[in-house]
Amino acid sequence: DIKFTLKKNGVLLLWIAYLLVYPNFIQCEEYRLYYLLSSLFFCLALTTLLNTRTIIWQYIENILIIISLCNIIIVLAQATGLANSPSEYFRVTGLDENPTVTAISLVCCTPVIVNRIKDRDKKYSILYISLFLLLLLSFFLLKCRSAIVGTVLSLLIITATRCWSIAQKV
């Protein structure tokens, strides 16, 4: 529905329109423009698919958890010497040459794992707690302080929103 897209994604559509018009007046680096446009079109498609229930958010969460699990396995393998790092500068990097990129992807999955610990059946909670502890261990093995800060902030936001929702019910 076109009304639905305009109503929910108006700011995103305006940003896309601006980026399409901008290079006609100002000289810019094209690869950055294409990257931004493709990212925005992806966000637009994703929000439309989620809002029309063509895909379910839980599927996206499962994909994020699988990617994080792959990163954690590679980080542990590199830390123990079972796998080599693709970087000559860092001993542990995960699936990327830069450990910060791996750490950022793991931080993005932190809220998903924490919510699964709280919201799922008890039979899976031990699995998600173990995954969360391995996630924290990976941050220390990657030696990425910003990932630790991001995780702490993420946990504070999750705690604050849960407290806020409890306070609203009272």
Side-chain angles (χ1 to χ4, degrees), residues 12 15 19 29-51 53-166:
L12 193 60
W15 194 9
L19 288 174
E29 296 175 338
E30 288 184 15
Y31 74 93
R32 287 186 182 176
L33 177 69
Y34 297 144
Y35 176 76
L36 279 173
L37 283 172
S38 63
S39 298
L40 289 172
F41 279 119
F42 173 75
C43 288
L44 182 64
L46 185 62
T47 56
T48 303
L49 290 172
L50 285 169
N51 288 326
R53 304 212 189 281
T54 306
I55 59 174
I56 301 170
W57 180 251
Q58 187 175 359
Y59 295 156
I60 296 170
E61 286 182 355
N62 290 341
I63 291 169
L64 288 173
I65 287 173
I66 290 169
I67 291 170
S68 292
L69 188 58
C70 291
N71 265 318
I72 289 169
I73 290 169
I74 296 298
V75 164
L76 293 174
Q78 288 173 346
T80 58
L82 295 174
N84 293 327
S85 170
S87 173
E88 62 185 78
Y89 303 109
F90 303 104
R91 191 172 75 92
V92 178
T93 62
L95 290 172
D96 200 90
E97 287 186 13
N98 186 341
T100 305
V101 175
T102 301
I104 289 170
S105 71
L106 292 174
V107 168
C108 291
C109 194
T110 301
V112 173
I113 294 171
V114 171
N115 283 331
R116 292 257 177 125
I117 290 170
K118 296 289 285 176
D119 297 337
R120 300 290 176 202
D121 296 333
K122 293 295 179 194
K123 64 181 179 180
Y124 294 118
S125 64
I126 303 241
L127 174 72
Y128 291 119
I129 289 170
S130 301
L131 187 59
F132 181 71
L133 293 174
L134 287 172
L135 192 78
L136 294 178
L137 176 64
S138 295
F139 293 146
F140 288 105
L141 293 173
L142 289 166
K143 298 178 183 169
C144 186
R145 294 181 306 269
S146 58
I148 296 168
V149 170
T151 300
V152 168
L153 287 174
S154 175
L155 293 173
L156 287 173
I157 290 170
I158 290 169
T159 304
T161 55
R162 286 189 189 271
C163 291
W164 179 259
S165 67
I166 290 170

Colleague: Could you tell me whether L82 atom CG has more than 12 heavy atoms of other residues or ligands within 6.0 Å of it?
Modeller: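 Counting neighbours around CG of L82, more than 12 heavy atoms of other residues, nucleotides or ligands fall under 6.0 Å, so yes.
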
Colleague: Nearest 0.5 Å, please: how far is CD1 in I73 from CG in L95?
Modeller: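 Reported to 0.5 Å precision, the distance equals 9.5 Å.
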
Colleague: Hey, what do you get for CG (L156) to OG1 (T161), rounding to the nearest 0.5 Å?
Modeller: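 Nearest 0.5 Å value for the CG-OG1 distance: 10.5 Å.
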
Colleague: Is there a side-chain contact between T110 and V114, using heavy atoms and a 4.5 Å cut-off?
Modeller: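 SC-SC contact between T110 and V114 confirmed.
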
Colleague: Quick one: closest heavy-atom pair of I72 and S138, and the distance?
Modeller: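 Shortest heavy-atom contact: CG1-OG, 3.6 Å.
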
Colleague: Contact between C144 and F139 at the side-chain level, heavy atoms closer than 4.5 Å - yes or no?
Modeller: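 Not touching, per the 4.5 Å side-chain cut-off.
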
Colleague: So, do S105 and N71 sit near enough that their side-chain heavy atoms are less than 4.5 Å apart?
Modeller: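 Yes, at least one pair of side-chain atoms sits under 4.5 Å.
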
Colleague: Might you work through the side-chain contact (heavy atoms from CB on, under 4.5 Å) test for L141 and L137, ending with a clear yes or no?
Modeller: CA-CA 6 Å; L141 293 173; L137 176 64; 4.0 Å; yes

Colleague: Are any side-chain N or O atoms of T80 and backbone N or O atoms of L76, one a donor and one an acceptor, separated by less than 3.5 Å?
Modeller: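 Yes; at least one donor-acceptor contact below 3.5 Å.
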
Colleague: Applying side chain to side chain contact (heavy atoms under 4.5 Å, CB included), name anything that partners I63, two or more places apart in sequence or on another chain.
Modeller: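 Testing I63 for side chain to side chain contact (heavy atoms under 4.5 Å, CB included), a comparison that skips the adjacent residues, returns I67.
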
Colleague: Can you tell me how far the CG atom of L135 sits from the CG atom of L69, to the nearest 0.5 Å?
Modeller: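 Between L135 CG and L69 CG, I get 10.5 Å after rounding to 0.5 Å.
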
Colleague: Just by distance, do the side chain of N84 and the backbone of Q78 share a donor-acceptor pair under 3.5 Å?
Modeller: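 Checked: no pair found.
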
Colleague: Measure the shortest side-chain to side-chain distance between L106 and L142 over non-hydrogen atoms and say whether it is less than 4.5 angstrom.
Modeller: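 Yes - at least one pair of side-chain heavy atoms lies under 4.5 Å apart.
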
Colleague: How about L50 and I60: do any of their side-chain heavy atoms sit closer than 4.5 Å?
Modeller: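 They are in contact (side-chain heavy atoms under 4.5 Å apart), so the answer is yes.
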
Colleague: Taking the side chain as every heavy atom from C-beta outward, state whether L46 and I55 have any pair of such atoms under 4.5 Å apart.
Modeller: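 In contact.
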
Colleague: Contact between S154 and P111 at the side-chain level, heavy atoms closer than 4.5 Å - yes or no?
Modeller: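 Heavy-atom side-chain distance check passes, below 4.5 Å.
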
Colleague: Considering only heavy atoms from C-beta outward, does the side chain of S85 approach that of R91 to under 4.5 Å?
Modeller: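 They are not in side-chain contact.
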
Colleague: Should L64 and C108 be marked as a side-chain contact (heavy atoms from CB on, under 4.5 Å) after you check the CA-CA gap, both sets of side-chain angles, and the distance that decides it?
Modeller: CA-CA 8 Å; L64 288 173; C108 291; 5.8 Å; no

Colleague: Among T151, L153, V152, which one satisfies side-chain contact (heavy atoms from CB on, under 4.5 Å) with L155?
Modeller: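 Among T151, L153, V152, the one that satisfies the side-chain contact (heavy atoms from CB on, under 4.5 Å) with L155 is T151.
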
Colleague: Any donor and acceptor pair, going by atom type alone, linking the side chain of T93 with main-chain N or O of N98 inside 3.5 Å?
Modeller: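 Side chain of T93 to backbone of N98, a donor-acceptor pair under 3.5 Å: no, none is there.
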
Colleague: What residues form a side chain to side chain contact (heavy atoms under 4.5 Å, CB included) with I65, not counting sequence neighbours?
Modeller: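 Counting only residues at least two positions away or on another chain, I65 forms a side chain to side chain contact (heavy atoms under 4.5 Å, CB included) with C109, V112, I113, R116, Y128, L131.
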
